[in-house]
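The shown structure was predicted, so the numbers you read here are calculated from the model rather than taken from an experiment. In listed order, ligands and their atoms are each counted from 1.
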Amino acid sequence: MAKRSNGDTADGGSVEEQTQQFYDSEGWVADDQGVIGEDKYFRDFAEKRAEYWAKVEAKPAALLKGIGGTVLFAGPGDLPASHIHAAGQFDKAICADISKRSIEICKGKLGDKSEYHQTSLLDLPLEDGSVDATLCTHVIYHIDKQHQQQAVNELIRVTRPGGRVVIVCCNPNAPLMAIQLFLKFLRVNKLLGKQKLYTYYQPLSWWRQFSANNVVEFVPHQAMSSNQAKALLPARFLRRAFYDWATKFEDANPNLAVKLWPYVTIKIDRVT
Ligand SMILES: C[S@@+](CC[C@H](N)C(=O)[O-])C[C@H]1O[C@@H](n2cnc3c(N)ncnc32)[C@H](O)[C@@H]1O
């Protein structure tokens, strides 16, 4: 296995430590009301149960359809429905997350079906080409920007030639993200949700660097985050109308939706 730096520079180390600390003390821990931090800060909204959310959660598994064997869940967190759907298609799963609490939750959900590693994605304890597919949702943008390329290369390295890496990320040039980042620049981003974690979003053009030995494709993922929906569409009926429109728009115009939606999936097919 090629030797890799584990991101232990001052910056890389501190981002990983901050992320691990957040998820082990708050993100994956329930409060007095039984609500975990991730839901409270980032993904708690009524539409979760609605048709649109179910569709979003089913997308990663659909992109992995037809691939069997072993799937790597890179940064699975509390193993949301998207991962549970995908796990059903594989004989074996491997869960790799920097958070101890995440690994405990994953063990509770997948038991003997999975192998578990509390580890950084920058230095996975896995052999080259040892998994058939990799799923990594909402993780890369929490890694220090200087180490994001290394993390993606690591996911590609452990996935076999002919296998697929599916990554859900944000497009910082999508209109909603651009507004959010501008508000962040103006230091009024609290309007759009509490910033508990380091985030850095790479533009779509950045992902093209991985196309030298792979086929890289973009797929629309989600039209609005829960925090954006809460801030911009305060009435529930408005959110429902927006999601209905977004579903139809995305089906009819997938390439445009890739550019417009804040959340995008990057599908990387490893060729060699
Ligand atoms: C926003 S949560 C996403 C969880 C899940 N994938 C989902 O879509 O709901 C980010 C997860 O990535 C993990 N993570 C962040 N940086 C990591 C790193 N450098 N190495 C391994 N795991 C990391 C965190 O511990 C956390 O569990």
Side-chain angles (χ1 to χ4, degrees), residues 4-9 11-29 36-45 48 53 56-61 63-64 71-87 93-110 114 116-126 134-155 158 165-170 193-201 221-222 225-227 262-266:
R4 284 169 167 75
S5 145
N6 61 2
D8 55 0
T9 60
D11 273 348
S14 68
V15 169
E16 287 200 331
E17 279 160 22
Q18 180 200 32
T19 305
Q20 183 182 358
Q21 148 81 18
F22 169 77
Y23 280 106
D24 281 342
S25 63
E26 220 178 330
W28 304 132
V29 179
I36 59 169
E38 180 80 358
D39 281 354
K40 194 161 38 181
Y41 301 120
F42 306 117
R43 64 183 186 195
D44 182 32
F45 60 106
K48 255 178 114 166
W53 186 252
V56 168
E57 290 280 77
K59 283 179 180 182
L63 290 173
L64 296 173
V71 62
L72 165 66
F73 293 138
D78 64 345
L79 211 78
S82 52
H83 291 58
I84 299 283
H85 287 313
I94 299 175
C95 294
D97 198 295
I98 204 165
S99 154
K100 182 169 176 268
R101 184 72 198 118
S102 158
I103 294 300
E104 287 166 2
I105 296 171
C106 292
K107 275 185 186 164
K109 290 188 177 177
L110 287 181
S114 181
Y116 303 92
H117 300 278
Q118 188 194 346
T119 177
S120 164
L121 296 192
L122 299 178
D123 195 9
L124 288 167
L126 301 173
T134 292
L135 177 61
C136 181
T137 66
H138 307 288
V139 181
I140 297 297
Y141 54 77
H142 288 314
I143 294 175
D144 188 293
K145 67 175 176 180
Q146 290 169 31
H147 300 294
Q148 292 184 2
Q149 180 195 35
Q150 182 185 341
V152 176
N153 277 330
E154 192 63 350
L155 302 183
V158 301
V165 180
V166 169
I167 299 173
V168 174
C169 249
C170 285
K194 290 183 188 163
Q195 296 296 301
K196 281 268 177 182
L197 281 172
Y198 173 91
T199 50
Y200 187 87
Y201 310 114
H221 184 67
Q222 191 181 336
S225 76
S226 55
N227 282 331
Y263 290 96
V264 62
T265 296
I266 301 97

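Applying the side-chain hydrogen bond (donor to acceptor under 3.5 Å, both in side chains) rule to K59 yields the partners E250; only residues at least two apart in sequence or on another chain are considered. Annotation: salt bridge (charged side-chain N to carboxylate O under 4.0 Å, His left out) contacts of D24 (sequence neighbours excluded): none. Remark: K109 pairs with no residue by the salt bridge (charged side-chain N to carboxylate O under 4.0 Å, His left out) rule, at least two apart or across chains.
Among E38, R101, Q18, the single residue meeting the side chain to side chain donor-acceptor pair (under 3.5 Å) criterion with Y23 is E38.
In this pair, H142 and F42 present their aromatic rings tilted. The plane angle is within the 30 to 60° band. Below 30°, between 30° and 60°, or above 60°: for H138 and Y263 the angle between ring planes is above 60°, a perpendicular geometry.
Using a 4.0 Å heavy-atom criterion, the residues that approach ligand 1 are E16, T19, Y23, W28, E38, R43, G75, P76, G77, P80, H83, D97, I98, S99, T119, S120, L121, T137, H138, V139, H142, I143.
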